[in-house]
Amino acid sequence: MNNLKQTDAFTRGRDYLHLVQGLALEPGMVDVFENKRDRIPICTWIGENINTVNAQINTYLEVCHECFHPQERRHIQIFAVPIAQSFGIDGVCNILTNPITILVDVGRVAPRDWFGVVIHEYAHAHLGDFGHNEQFASILSHLCLGLGLEPPFWKAGMEATLRSWPYCKSTIDPLEFWIGQPLLCETLRERGIQNSKFKIQNYNPHK
């Protein structure tokens, strides 16, 4: 019976990864299937837990939406996924899909920083652009002000700085999470969502 459950979880995880692979900027961004050592535990863990993780980052997405009038909000979908380490990124926004897709590697950053990754990629999605230019800085600053984070203030030559704003602490081994580290959803809600909603209620980004 346990083997059957594990098989079912593996299948769900594998199918999920195939789905998000098709939403990435290029399929090689999701290369779990090439990892012969860890692909079975990764797929199994995803099959058992990905709905909980996605629910958490979707809550962050909704909080970002609250910083804009309903008519200004883009149609955006968001998924957690292990991104190939060769890309060296913790999130990516694919503005070429409909709806726009945000992928977040929640294993690459500390759980308290998941929100920051979502904010950064949301700015790309809202702007509909891959760049880290003055327009991106303006949207990101708007989000940060509304969500209680330090905002960037544009100046020439700061594109490299904007690529990692807000700052997110990297984990030592991104795959540890995907192999089966315990979920910290209650802690995430306390540190992220509750604080963010409080700040949104006390800040009007439309003034």
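All residue numbers in this chain count up from 1 along the given sequence. Below, all heavy atoms of this structure are taken into account, side chains as well, without hydrogens, waters or symmetry copies.
Evaluated for a side chain to side chain contact (heavy atoms under 4.5 Å, CB included) with W178, the options I42, D38, V32 yield exactly one hit, I42.
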Can I102 and F79 be said to form a side-chain contact (heavy atoms from CB on, under 4.5 Å), step by step?
-> CA-CA 6 Å; I102 293 174; F79 302 98; over 6 Å; no
Start with the C-alpha distance between R73 and E62, add both sets of side-chain angles, then the distance that settles side-chain contact (heavy atoms from CB on, under 4.5 Å), and finish with yes or no.
-> CA-CA 10 Å; R73 299 170 190 169; E62 292 303 316; over 6 Å; no
Evaluate the criterion side-chain contact (heavy atoms from CB on, under 4.5 Å) for residue pair I179 and W45; output intermediate values, then yes/no.
-> CA-CA 6 Å; I179 291 172; W45 191 90; over 6 Å; no
Stepwise, does the side-chain contact (heavy atoms from CB on, under 4.5 Å) test hold for H142 with C67?
-> CA-CA 8 Å; H142 176 82; C67 289; 4.1 Å; yes
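Looking at P151 and L140, their side chains never come closer than 4.5 Å, going by heavy atoms from C-beta outward. Using a 4.5 Å heavy-atom threshold, the side chains of M29 and I89 count as touching. No side-chain heavy atom of V104 sits under 4.5 Å from any side-chain heavy atom of W114. No side-chain heavy atom of V117 sits under 4.5 Å from any side-chain heavy atom of Y122. At least one side-chain heavy atom of R112 sits under 4.5 Å from a side-chain heavy atom of K169.
Across all non-hydrogen atoms, the minimal contact from W165 to E150 is NE1-O, 2.9 Å. When every heavy atom of I83 is checked against every heavy atom of L103, the shortest pair comes out as CD1-O, 4.2 Å. Residues P82 and L17 share a closest heavy-atom pair of CD-CD2, 4.0 Å. R74 and I100 get closest at one heavy-atom pair: NH1-CD1, 3.7 Å. Contact between L147 and C64 at its shortest, heavy atoms only, is CD1-SG, 4.1 Å. Shortest non-hydrogen contact noted between H132 and W154 is O-CZ3, 4.0 Å.
In this structure, the side chain of E159 does not engage the main chain of N133 through any donor-acceptor pair within 3.5 Å. Looking only at distances, a side-chain donor or acceptor of T171 sits under 3.5 Å from a matching main-chain atom of G107. No donor-acceptor pair closer than 3.5 Å links the side chain of S138 to the backbone N or O of E134.
When the side chains of ILVMFWY residues are joined at heavy-atom separations under 4.5 Å, either directly or via intervening members, F130 and L127 end up in a single hydrophobic cluster. There is no path of hydrophobic side-chain contacts, each under 4.5 Å, that joins L96 to L19.
Atom NE2 of H75 is separated from atom OG1 of T97 by 10.0 Å, given to the nearest 0.5 angstrom. In this structure, CD in Q85 is found 8.0 Å from CG in D105, a value given to the nearest 0.5 Å. Note that the CZ atom of R39 and the CD1 atom of I46 stand 13.5 Å from one another [nearest 0.5 Å]. With rounding to the nearest 0.5 Å, the separation of CD in E121 from CG in N94 is 11.0 Å. Atom CG of residue L61 and atom CD1 of residue I76 lie 5.5 Å apart, to the nearest 0.5 angstrom. For the atom pair CG of D113 and OG of S170, the computed distance is 9.0 Å after rounding to the nearest 0.5 Å.
Here the two rings, on H120 and F136, have centers that are under 6.0 Å apart. For H65 and H126, the gap between ring centers reaches or exceeds 6.0 Å.
Here N54 pairs with Y16 under the side-chain hydrogen bond (donor to acceptor under 3.5 Å, both in side chains) rule; sequence neighbours left out.
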